[in-house]
Amino acid sequence: MELTLYVWKQKGPQDKGGLQQYSANAVSRDMSFLEMLDQVNEELIKEGKDPIAFDHDCREGICGMCSQVINGVPHGPQERTTVCQLHMRNFKDGDIIYIEPWKARAFPVLRDLITDRSALDRIIQAGGYVSVHTGGVPEANAVLVPRQDAETAMDAAGCIGCGACVAACPNGSAMLFTAAKVSHLALLPQGRVEAGQRVCVMTDAMLKEGFGNCSNHYECQAVCPKGIKVRFIAKLNREYIRALSADPG
Amino acid sequence: MVLDAKCPVGPLAEKWDRRTEELELISPANRRKYRVLVVGAGLAGASAAATLGELGYQVETFCFQDSPRRGHSIAAQGGINAAKDYSGDGDSIFRLFRDTIKGGDFRAREANVFRLAMLSNNIIDQCVAQGVPFARDYAGYLDNRSFGGAQVSRTFYARAQTGQQLLLGAYGALSRQIRAGTVRMFPRTEMLDLVVVEGRARGITIRDLVTGEIRSHAGDAVCLCTGGYANVYYLSTNAMGSNVTAAWRAYKKGAFFANPCFTQIHPTCVPVAGDYQSKLTLMSESLRNDGRVWVPRTKGDMRQPCDIPEQERDYFLERKYPGFGNLAPRDISSRAAKEACDEGRGVGPGGRGVYLDFAEAMKHPGREKIKERYGNLFEMYAKITAENAYEQPMRIYPAPHYTMGGLWVDYNLQSTIAGLFVLGEANFSDHGANRLGASALMQGLADGYFIISHTIADYLAVHGPGKAVSEHGEFARAKEAAENLIKKLLSVNGRKTARDFHRELGRIMWEYAGMGRSKEGLNKALTRIPALREEFWENIKVPGSGAELNQELEKAGRVSDFLEFAELLVLDALHREESCGGHFRIEHQLPDGEAKRDDENFCHVAAWECRGTGISPVLHKEPLAFDNIELATRSYK
């Protein structure tokens with residue numbers, strides 16, 4: 001296949017950036033999208049040109065590092081698929097493809113398609129964990145967990161923290177990301193103890209980082225490569241209200 | 001130099017307790033006087049940093065990814081072993097110990113492995129308390145499944161995302177300490193050198209991957225948790241960024257490198273599709289619980305799998321290893337697959353593949369159950385190959401996956417450099433010549449949560465809190481060396497990219513130091529690797545500058561280290577004139593093609609000491625003794 005690419009190039013956070021045209025030649029249908037970019041980069045380097053910088057690591061859809069908006073859609077056209085697992089058989093000869101970084105106020109561009117997503121880490125640091133020390137914990141089967149709860153917790157815990165939900169949201173909201181973590185822990189007895197405190201501090205941290213609010217567009221769910229459902233946002237809201245209305249004793 | 005593993009004396013089951021009682025402690029109020037540098041934030045690094053931070057040490061943690069939640073531990077699918085015996089099928093700590101020693105083909109240290117088996121149970125308790133959503137049965141108890149190389153069900157799992165969930169648990173604990181101010185996190189940084197002052201590891205030199213700044217961090221001890229080196233093969237199941245740089249540069253500063261030839265080729269990976277291939281994807285070994293491995297009986301049978309009748313199929317694992325069948329250990333299964341393909345019976349493009357067939361499992365336990373167990377793996381397979389494994393068999397082929405070798409450490413996880421500790425896959429200690437499934441996560445977390453906090457305290461207590469050393473000349477020298485290396489990489493301005501060289505190196509390694517190794521082939525590699533290295537320094541092209549985010553520069557630095565390290569791997573493979581575990585020397589096999597171990601001459605750890613560039617490394621041997629388990633021929637028949 002022969003393709004025309006328009007790729008976002010930006011030297012650094014201060015640079016204005018813009019789209020640049022490239023051609024991708026002799027692209028195999030069985031290549032992954034990133035392998036197609038590898039090939040373009042190899043040619044650019046040999047021609048003495050600046051290669052396209054992009055984040056990637058595991059290339060099997062689990063590390064959450066890859067992050068590209070392809071033809072306007074975070075992670076591209078295939079549902080429930082990260083960029084690294086998107087294959088070129090989803091495109092056809094002669095296609096024009098636009099490739100851009102995550103665009104959100106809370107994710108400044110570092111270079112080309114690479115953004116700084118450390119704001120997501122700071123939401124977790126605010127309280128996205130169970131406050132347990134190493135050692136001194138009960139035997140693993142001492143606290144039983146209903147199977148359904150464990151399964152639902154796992155549905156939420158599958159979040160890879162890529163930030164596509166933020167990139168897809170018209171408000172640049174990190175609600176789905178935050179909700180996934182809040183729900184995962186709130187559904188388990190081990191995380192229940194701190195659930196009220198957790199939802200409050202994480203929500204505050206999210207707003208402080210410059211993420212917007214949820215106004216029910218559901219774009220996040222549509223692009224989530226792990227299929228995290230917006231019903232967890234409803235759960236976050238319930239947990240939040242429950243925490244605010246708790247009897248202070 | 002005599003390598004002293006410093007294993008405690010006394011009965012196996014009491015060794016670790018005895019050691020923890022002997023070790024010096026540091027009182028809570030004094031711990032903040034010590035600074036520990038932790039390099040890497042996968043399972044070993046994140047758990048170590050979190051635990052040391054909780055205890056009150058000042059910790060600085062470094063990772064090359066943009067967040068500590070992305071270390072390659074995250075990609076481990078199948079599960080984590082523990083000797084809980086929840087399944088009631090006769091498991092015990094001793095049995096897990098024995099399986100691991102046997103699985104490692106009697107090339108691991110008994111004391112270390114027993115401690116690992118003991119701590120396995122604490123790990124599960126810890127992870128459950130953190131909120132890791134392990135699979136449960138209908139009564140709410142933890143569920144287990146079986147895994148290769150074991151006849152009991154002792155593997156805990158969270159769908160096929162166990163590594164992800166365990167890492168997120170450790171990342172949560174780490175995040176809590178970052179919040180508390182005990183851990184400072186430096187993502188997007190890469191270690192370029194170890195700073196050794198008066199024989200002790202006192203700091204590291206790093207490059208900030210965003211700004212390009214090179215700077216040093218000083219501390220009282222350094223923990224390397226930087227993973228394995230399977231990317232020396234170019235194509236492997238490792239992440240693109242996984243590298244040997246930190247370990248290799250520590251080796252050059254005096255840390256011995258042990259058993260580099262012990263590499264694991266995993267049997268169940270998606271086969272190579274074309275020259276553009278950048279990595280290989282693992283399909284969890286757990287699939288072999290329900291899938292049956294086969295190839296056509298006759299050479300060159302090009303029919304579709306569904307058109308090949310039952311009697312014309314060869315279920316070669318079941319035939320050769322009836323006791324374990326499709327669950328034979330990884331090294332054995334990989335070799336059997338390679339053999340079938342070498343005989344011309346391989347399937348798929350290029351004939352480098354075997355079938356993993358779920359047709360029977362679709363009848364029993366049924367499609368629903370299979371979907372529940374492996375749904376996301378089938379989905380991943382479909383994305384890569386556009387084939388539906390519910391309808392037709394998967395095609396799989398072995399790929400480099402894990403490296404048992406690593407920096408040599410004693411029982412306290414300390415390397416041959418005082419104050420340099422090595423954890424997780426980066427060390428060599430627990431898996432011998434072959435790692436059993438579901439035990440990498442176990443080792444990373446045992447080292448990080450439960451071992452290092454004891455042993456590092458002893459080291460720190462003995463040496464006392466360090467005075468500022470960052471003005472010492474060694475820091476300036478290490479920084480200058482790192483800067484010079486970068487300048488050199490940028491100045492060649494040749495015609496080939498880092499990836500060209502890496503791919504070429506991978507071809508040499510796969511061909512001559514892969515699943516079957518011979519003296520002749522290894523010697524060929526020993527002439528070709530230095531030639532390639534020479535060409536690298538004449539012809540590498542790295543665009544851009546050092547003072548910016550420059551991914552090609554990162555890549556070139558890592559490839560330059562792989563080009564040096566590869567030679568040591570080959571030397572080690574050449575020295576080990578026996579076959580054991582993942583190391584198969586074709587000159588040393590039994591009449592039936594199984595590995596022929598030589599306990600008389602090779603029952604030792606081979607630890608290599610660097611004597612400088614261009615000078616042959618010196619081999620030191622740590623003899624291995626088996627007092628609690630009979631040194632026997634490994635048989636899975």
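First the proteins, then the strands, lettered A, B, ... as listed; each starts at 1.
Between A:Cys63 and B:Gln65 the shortest side-chain heavy-atom distance does not fall below 4.5 Å. Between A:Pro51 and B:Pro543 the shortest side-chain heavy-atom distance falls below 4.5 Å. With contacts defined as side-chain heavy-atom distances shorter than 4.5 Å, the pair B:Lys279/A:Glu60 qualifies. B:Gln277 is not listed as a side-chain neighbour of A:Met31, based on a closest heavy-atom distance of 4.5 Å or more. Side-chain contact between B:Arg179 and A:Tyr129 is present, with at least one heavy-atom pair separated by less than 4.5 Å. Proximity of B:Ile74 to A:Met65: side-chain heavy atoms (C-beta onward) are nowhere separated by under 4.5 Å. You'll find the side chain of A:Asp30 reaches within 4.5 Å of the side chain of B:Tyr276, heavy atoms only. When side chains are defined from C-beta on, A:Gln190 does not count as touching B:Gln130, because their heavy atoms never get closer than 4.5 Å.
Contact count against chain A (heavy-atom pairs under 4.5 Å) is highest for B:Ile384 among B:Ile178, B:Ile124, B:Ile384, B:Thr281. The residue among A:Leu120, A:Leu187, A:Leu44, A:Ile114 with the most heavy atom pairs within less than 4.5 Å of chain B is A:Ile114. Considering only heavy-atom pairs separated by less than 4.5 Å from chain A, the leading option among B:Asp143, B:Val210, B:Thr385 is B:Thr385. Note: A:Arg80 leads A:Gln78, A:Gln39, A:Arg80, A:Gln148 in heavy-atom pairs under 4.5 Å with chain B. With chain B as the partner, the residue from A:His184, A:Glu139, A:Lys181 showing the most heavy-atom pairs under 4.5 Å is A:Glu139. The most heavy-atom pairs under 4.5 Å with chain A, out of B:Met240, B:Arg176, B:Met185, come from B:Arg176. Comparing A:Leu188, A:Asp121, A:Val130 by how many heavy-atom pairs each has under 4.5 Å with chain B, the most go to A:Asp121. Most heavy-atom pairs under 4.5 Å with chain A, from the set B:Asn122, B:Asp137, B:Leu168: that is B:Asp137. No other option in A:Ala126, A:Ala153, A:Ala157 has as many heavy-atom pairs under 4.5 Å with chain B as A:Ala157. Interface check for chain A: of the options B:Gly172, B:Pro133, B:Cys127, the most heavy-atom pairs under 4.5 Å are formed by B:Pro133. Of the residues considered (B:Ala135, B:Ser47, B:Pro68, B:Gly131), B:Gly131 shows the highest number of contacts with chain A, using heavy-atom pairs under 4.5 Å. If you tally non-hydrogen atom pairs under 4.5 Å between each of A:Pro138, A:Gly127, A:Pro146, A:Ser131 and chain B, the highest count goes to A:Ser131.
For A:Arg59, the parts sitting under 4.5 Å from any heavy atom of chain B are the backbone and the side chain alike. Neither the backbone nor the side chain of A:Leu86 comes within contact range of chain B, judged by heavy atoms closer than 4.5 Å. For B:Ala139, the part lying near chain A is the backbone, with the side chain staying farther off; criterion is any non-hydrogen pair under 4.5 Å. Interface remark: A:Ser28 contributes side-chain atoms only to the contact with chain B (heavy atom separation under 4.5 Å). The part of A:Leu185 that comes within reach of chain B is its side chain, from C-beta onward, which places non-hydrogen atoms under 4.5 angstrom from that chain. A:Ser67 does not touch chain B: none of its heavy atoms, backbone or side chain, sits under 4.5 Å away. Looking at B:Gln177, neither its backbone nor its side chain comes within 4.5 Å of chain A, counting heavy atoms on both sides. Heavy atoms closer than 4.5 Å to chain B are found in both the backbone and the side chain of A:His133. Looking at A:Ile52, the atoms closer than 4.5 Å to chain B (heavy atoms on both sides) all sit in the backbone: N, CA, C or O. For A:Arg122, no part lies under 4.5 angstrom from a heavy atom of chain B. For a residue to count as touching a neighbouring chain, one of its non-hydrogen atoms must lie under 4.5 Å from one of that chain's; by this rule B:Phe156 does not touch chain A.
A 6.0 Å sphere centred on CZ of A:Arg29 holds no more than 12 heavy atoms belonging to other residues, nucleotides or ligands. Other residues, nucleotides and ligands contribute more than 12 heavy atoms inside 6.0 Å of the NZ atom of A:Lys46.
Taking 4.0 Å as the cut-off between side-chain N and carboxylate O, B:Arg159 and A:Asp155 count as a salt-bridged pair. Of the charged side-chain nitrogens involved, none lies within less than 4.0 Å of a carboxylate oxygen, so that A:Glu151 and B:Arg136 do not count as a salt-bridged pair. Between A:Asp57 and B:Arg70 no salt bridge is recorded (no basic side-chain N to carboxylate O distance below 4.0 Å). Using a cut-off of 4.0 Å between Lys/Arg side-chain N and Asp/Glu carboxylate O, B:Arg495 and A:Glu42 are scored as not salt-bridged. Salt bridge present: B:Asp66 and A:Arg117 bring a charged side-chain N and a carboxylate O closer than 4.0 Å. We find that B:Arg188 and A:Asp55 are joined by a salt bridge, their nearest charged nitrogen and carboxylate oxygen being less than 4.0 Å apart.
Nearest heavy atom pair, residue A:Phe54 against residue B:Gln551, reads O-NE2, 2.8 Å. Taking all atoms of both residues into account, the shortest heavy-atom contact from B:Tyr449 to A:Thr134 is O-CG2, 3.4 Å.
Judged by distance alone, the side chains of A:Glu35 and B:Ser278 do bring a donor and an acceptor atom under 3.5 Å apart.
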